Amino acid sequence: MPQKIGIVVDAACDLPRSFLEQHGLEIMPINMQFGTMTFKDVRDPEQTMEFYRRYVAEKELEITTAPLSVKAIKDWFLDQLVLKYDRVLVVTVSSTRSPVFENATKASFMILSGYKERRKAAGMEEQFALRVLDSKTLFTGQAVVVYEALRLLQSNQAEVAFDRLRQHVESFSQDVHAYLVPNDLYYVRARAHQKGDKSVGWFKYQMGTMLDIKPILRAYRGETEAVDTVRGFENAVKKLFEMASAAIEKGLLTKVVCMSYAGNPEDVKGFPGYDDFIKVAHAHKVETTLAVMSTVAGIHVGPGAFSLAYAAK
């Protein structure tokens, strides 16, 4: 009997909720608190949209995010996964930006003894295996990594060896380029200041705001940096579409471009450059996904931000 392999993502992964449900992906929650309201983010689009509406209205709102504790993740693994799958691959947001990977890795060792009793009681004799993988990228980049894992699992091969899947996805993540453009630098500066990061100082913020300068940020191999600046949000987004189109024409490593927007995703379809980008994608049979940006991402870059990712050498 073939092994049943499951894929887990954390709530920072910017794939549409409908896509996650269609492909049976498991969502590991992330703890959120803004103001007096506390909840577990599980990529509920309506909940996330409500967050963005409130964040626009209350810029000074105190907001914190935190991964589940090691014990909470261990319990979640035991309750949600060990009787449903034989092998599980957990793909987390970059370990350089969040402790999710570290906590999930520790939890994976803690279940080694606990899972056996549960599976034995259910008449399941085969051993259970769970591996945690650092995607080395963020948000839409994480979405591209997960898309590739699914593509390999759903390929025409009779069965994909679990270790081969893990090794392939780990290697693949090295070539994922995830870009992000904030709409309002206030949120970037406020969150950086809260974390003690002085990279966005008062003067840089004031000049960027006065001149309407938007940075294009890139997450690549665990590092995040500004790779360009463009005057005007729509111009910056248009440049991302042009970059993605050029990458498609050169050849992507997997035929998908993942996008997310910190607001109503339908608004993206009216952005300059979107139609031309979609024509290029369709001509090369490249799939596109468009999601509400995760709450975790939106907290750091603010409502109205746009992200796009693909994998290319």
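For the numbers below, each heavy atom of this structure counts, side chains included, while hydrogens, waters and symmetry mates do not. If you're wondering where the values come from, they're calculated on a predicted model, not measured in any experiment.
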message = My understanding is that only residues two or more places apart in sequence, or in another chain, count here; which of them pass side chain to side chain donor-acceptor pair (under 3.5 Å) with K269?
response = E266

key: Side-chain donor or acceptor of K214 paired with backbone N/O of N183 under 3.5 Å   = yes

key: Heavy atoms of other groups near Q167 CD, more than 12 under 6.0 Å   = yes

task = Under the side chain to side chain donor-acceptor pair (under 3.5 Å) rule, collect the residues that match up with D79, sequence neighbours excluded.
result = R118

message = Between M28 and V42, is there a side-chain heavy-atom distance shorter than 4.5 Å?
response = no

ask   = Does T224 have any side-chain contact (heavy atoms from CB on, under 4.5 Å) partners at least two apart in sequence or in another chain, and if so, which?
value = R97, L138, A219

task = State which residues pass salt bridge (charged side-chain N to carboxylate O under 4.0 Å, His left out) with E21; sequence neighbours excluded, sorted by chain then number.
result = R17

ask   = Between CZ of R151 and NE2 of H168, what distance do you get to the nearest 0.5 Å?
value = 5.5 Å

inquiry  = I'd like to know if K120 and E117 make a salt bridge, using a cut-off of under 4.0 Å between side-chain N and carboxylate O.
reply    = no

message = Can you confirm whether the side chains of Y220 and Q174 place a donor and an acceptor under 3.5 Å from each other?
response = no

query = For D10 and Q142, does a side-chain donor sit closer than 3.5 Å to a side-chain acceptor?
reply = yes

Side chain proximity check, L308 to V257, heavy atoms < 4.5 angstrom = yes

message = Quick check for you: to the nearest 0.5 Å, what is the distance between L150 atom CG and I5 atom CD1?
response = 11.5 Å

message = Within the 4.5 Å heavy-atom criterion, are H177 and M243 side-chain neighbours or not?
response = no

ask   = Cut-off 3.5 Å, side chains only: do S94 and T96 have a donor facing an acceptor?
value = yes

request  = Mind running side-chain contact (heavy atoms from CB on, under 4.5 Å) on L20 and V9 for me, showing each step along the way?
outcome  = CA-CA 9 Å; L20 296 169; V9 300; 4.1 Å; yes

remark   = The side chain to side chain donor-acceptor pair (under 3.5 Å) partners of D134 (sequence neighbours excluded) come to S95

key: Derivation of the salt bridge (charged side-chain N to carboxylate O under 4.0 Å, His left out) call for E126 and R87   = CA-CA 10 Å; E126 185 177 359; R87 303 286 184 268; 3.7 Å; yes

note = Heavy-atom closest pair (S108 atom, L130 atom, distance to 0.1 Å) is CB-CD2, 3.5 Å

query = Is it true that L153 and V144 fall in one hydrophobic cluster, defined by side-chain heavy atoms closer than 4.5 Å?
reply = yes

message = Within this structure, what is the CZ-CD1 distance for the pair R43 and I30, rounded to the nearest 0.5 Å?
response = 10.0 Å

Evaluation steps, side-chain contact (heavy atoms from CB on, under 4.5 Å), between I248 and F277 = CA-CA 10 Å; I248 289 172; F277 158 70; 3.9 Å; yes

inquiry  = Under 4.5 Å between side-chain heavy atoms, counting indirect links through other Ile/Leu/Val/Met/Phe/Trp/Tyr residues: same cluster for F233 and V301 or not?
reply    = no

What donor-acceptor contacts under 3.5 angstrom involve side-chain atoms of residues 282-298, with partners at least two apart or in another chain?
{"residue": "H284", "atom": "ND1", "partner": "V280", "partner atom": "O", "Å": "3.0"}
{"residue": "E287", "atom": "OE1", "partner": "Y147", "partner atom": "OH", "Å": "2.7"}
{"residue": "S294", "atom": "OG", "partner": "A297", "partner atom": "N", "Å": "3.1"}
{"residue": "T295", "atom": "OG1", "partner": "D41", "partner atom": "OD2", "Å": "3.4"}
{"residue": "T295", "atom": "OG1", "partner": "T48", "partner atom": "OG1", "Å": "3.3"}

message = Test of understanding: with side chain to side chain donor-acceptor pair (under 3.5 Å), list the residues that count as partners of E50, not counting sequence neighbours.
response = R53

request  = Taking salt bridge (charged side-chain N to carboxylate O under 4.0 Å, His left out) as the test, write out the residues that go with E46, two or more places apart.
outcome  = none

task = Output yes when a side-chain donor or acceptor of S98 lies under 3.5 Å from a complementary backbone atom of V100, and no otherwise.
result = yes

ask   = Looking at Y179, F139, F241, Y274, which one forms a ring-ring contact (aromatic ring centres under 6.0 Å, His included) with F306?
value = F241

ask   = Which is it for L25 and I27 under the side-chain contact (heavy atoms from CB on, under 4.5 Å) test, yes or no, and what are the steps along the way?
value = CA-CA 7 Å; L25 296 166; I27 305 170; 5.7 Å; no

message = Is there a side-chain contact (heavy atoms from CB on, under 4.5 Å) between I299 and M32? Walk through the geometry before answering.
response = CA-CA 10 Å; I299 281 174; M32 314 285 302; 3.0 Å; yes

ask   = Any side-chain heavy-atom pair from E26 and Y85 closer than 4.5 angstrom?
value = yes

N-O pairing of E223 and R218 below 4.0 Å = no

message = Could you check whether any side-chain N or O of T140 sits under 3.5 Å from a backbone N or O of M259, counting only pairs where one atom can act as donor and the other as acceptor?
response = no

task = Would you list the pairs meeting ring pair (Phe, Tyr, Trp, His ring centres under 6.0 Å) in which at least one residue belongs to residues 94-133, sequence neighbours left out?
result = Y115-F128

inquiry  = Would a single hydrophobic cluster contain both I111 and V90, if residues Ile, Leu, Val, Met, Phe, Trp and Tyr are joined by side-chain heavy-atom contacts under 4.5 Å?
reply    = yes

request  = Answer yes when D212 and R231 have at least one side-chain N-carboxylate O distance shorter than 4.0 Å, and no when they do not.
outcome  = no

ask   = Who are the salt bridge (charged side-chain N to carboxylate O under 4.0 Å, His left out) partners of D75, not counting sequence neighbours?
value = K71

Over 12 non-hydrogen atoms of neighbours within 6.0 angstrom of NZ in K238 = no

message = Can you tell me how far apart CG (L81) and NZ (K84) are? Round to the nearest 0.5 Å.
response = 8.0 Å

inquiry  = Tell me the closest heavy-atom pair linking A143 and D14, and the distance in Å.
reply    = CB-O, 3.5 Å

ask   = By salt bridge (charged side-chain N to carboxylate O under 4.0 Å, His left out), which residues pair with D163, not counting sequence neighbours?
value = none

query = Side chain of R119, backbone of V82: donor and acceptor closer than 3.5 Å?
reply = yes

query = Is it the case that one hydrophobic cluster holds both L252 and L15, taking links as side-chain heavy atoms less than 4.5 Å apart, direct or via other members?
reply = no

request  = Kindly compute the distance separating CE (M110) from CG (L78), expressed to the nearest 0.5 Å.
outcome  = 9.0 Å

query = What class does the angle between the rings of F19 and H23 fall in, given that below 30° is parallel, 30 to 60° is tilted and above 60° is perpendicular?
reply = tilted

query = Considering all heavy atoms of both residues, which atom of P182 and which atom of A305 are nearest to each other, and what is their separation?
reply = CA-CB, 4.0 Å

ask   = To the nearest 0.5 Å, how far apart are CD1 in I73 and NZ in K106?
value = 10.5 Å

message = Main chain of E170, side chain of S173: is a donor-acceptor contact present, judged purely on distance under 3.5 Å?
response = yes

task = May I have all residue pairs that pass ring pair (Phe, Tyr, Trp, His ring centres under 6.0 Å) and include part of residues 250-270, sequence neighbours excluded?
result = Y261-F271

task = Keeping the roles fixed (side chain from N103, backbone from L68), state whether a donor-acceptor pair exists under 3.5 Å.
result = yes

message = Can you confirm whether V8 sits close enough to L89 that some side-chain heavy atom of one is under 4.5 Å from a side-chain heavy atom of the other?
response = no

query = Same hydrophobic cluster for F77 and V88, using side-chain heavy-atom links shorter than 4.5 Å among ILVMFWY?
reply = yes

